[in-house]
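Report on one structure; see the data block that follows.
In this text, all values refer to a predicted model and were calculated from it rather than measured experimentally. Hydrogens, waters and symmetry mates are skipped; everything else that's a heavy atom, side chains included, is used. For reference, positions follow the sequence shown, starting with 1.
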Amino acid sequence: MNVHLFQTSRPHLAPGMILDAPLDYDDFILGFGDETEARAELFFIGGRPLLVVGGYMTMDGTVVDERMWTVSEVIVSGDRRILRLGHPLE
């Protein structure tokens, strides 16, 4: 099931950004501030959280390729999972 992960005011992700994710799902739709969306999926590899964000095009026509992000912090609060993005993996 897909649900919105976080509606950010920016059209791109950045290290240190906080995402408010539903606890029950690892597969999300990530809404950006320019009204574009991308699929995001949270994985745990060897206990390490990684967020894969599918490719998308911003409203100004910038193409953003699929990217895997490290997650530097995960906090569970009620039915929410708060993620702090680390740096993208190249």
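- Closest approach of Leu85 to Ser72, counting heavy atoms only: O-OG, 3.8 Å.
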In sequence, state the C-alpha distance, the side-chain angles, and the governing distance for Arg81 and Asp24, and then conclude on salt bridge (charged side-chain N to carboxylate O under 4.0 Å, His left out).
-> CA-CA 9 Å; Arg81 183 169 27 200; Asp24 293 338; over 6 Å; no

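- Under a hydrophobic-cluster definition in which Ile, Leu, Val, Met, Phe, Trp and Tyr are linked whenever side-chain heavy atoms come within less than 4.5 Å, directly or via other members, Leu13 and Val74 are assigned to the same cluster.
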Which side-chain N or O atoms in residues 60-68 pair as donor and acceptor under 3.5 Å with protein atoms at least two apart or in another chain?
{"from": "Asp60", "atom 1": "OD1", "to": "Thr58", "atom 2": "OG1", "distance (Å)": "2.4"}
{"from": "Asp60", "atom 1": "OD1", "to": "Thr62", "atom 2": "N", "distance (Å)": "3.1"}
{"from": "Asp60", "atom 1": "OD1", "to": "Thr62", "atom 2": "OG1", "distance (Å)": "2.8"}

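- In terms of heavy atoms, Pro88 sits closest to Trp69 at CD-CZ3, 3.4 Å.
- What you find for Phe32 and Ala38 is that their closest heavy atoms are CE1-CB, 3.9 Å.
- Taking CE of Met17 as the reference point, atom CZ of Arg84 lies at 11.5 Å (rounded to 0.5 Å).
- Taken to the nearest 0.5 Å, the CG atom of Leu42 stands 10.5 Å off from the CG atom of Asp27.
- Nearest heavy atoms, Thr36 versus Met57: CG2-O, 3.2 Å.
- Ring geometry for His12 versus Tyr56: interplanar angle of 30 to 60°, hence tilted.
- Taking both residues in full, the closest heavy atoms of Ala21 and Leu83 are given as CB-CD1, 4.3 Å, listed atom of the first, atom of the second, then distance.
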For residues 43-55, which side-chain N or O atoms pair as donor and acceptor with protein atoms under 3.5 Å away, sequence neighbours left out?
none

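- We find the CG-CZ distance between Asp20 and Arg80 to be 4.0 Å, quoted to the nearest 0.5 Å.
- Both Ile18 and Ile75 are assigned to one and the same hydrophobic cluster, defined by single-linkage of ILVMFWY side chains at heavy-atom distances under 4.5 Å.
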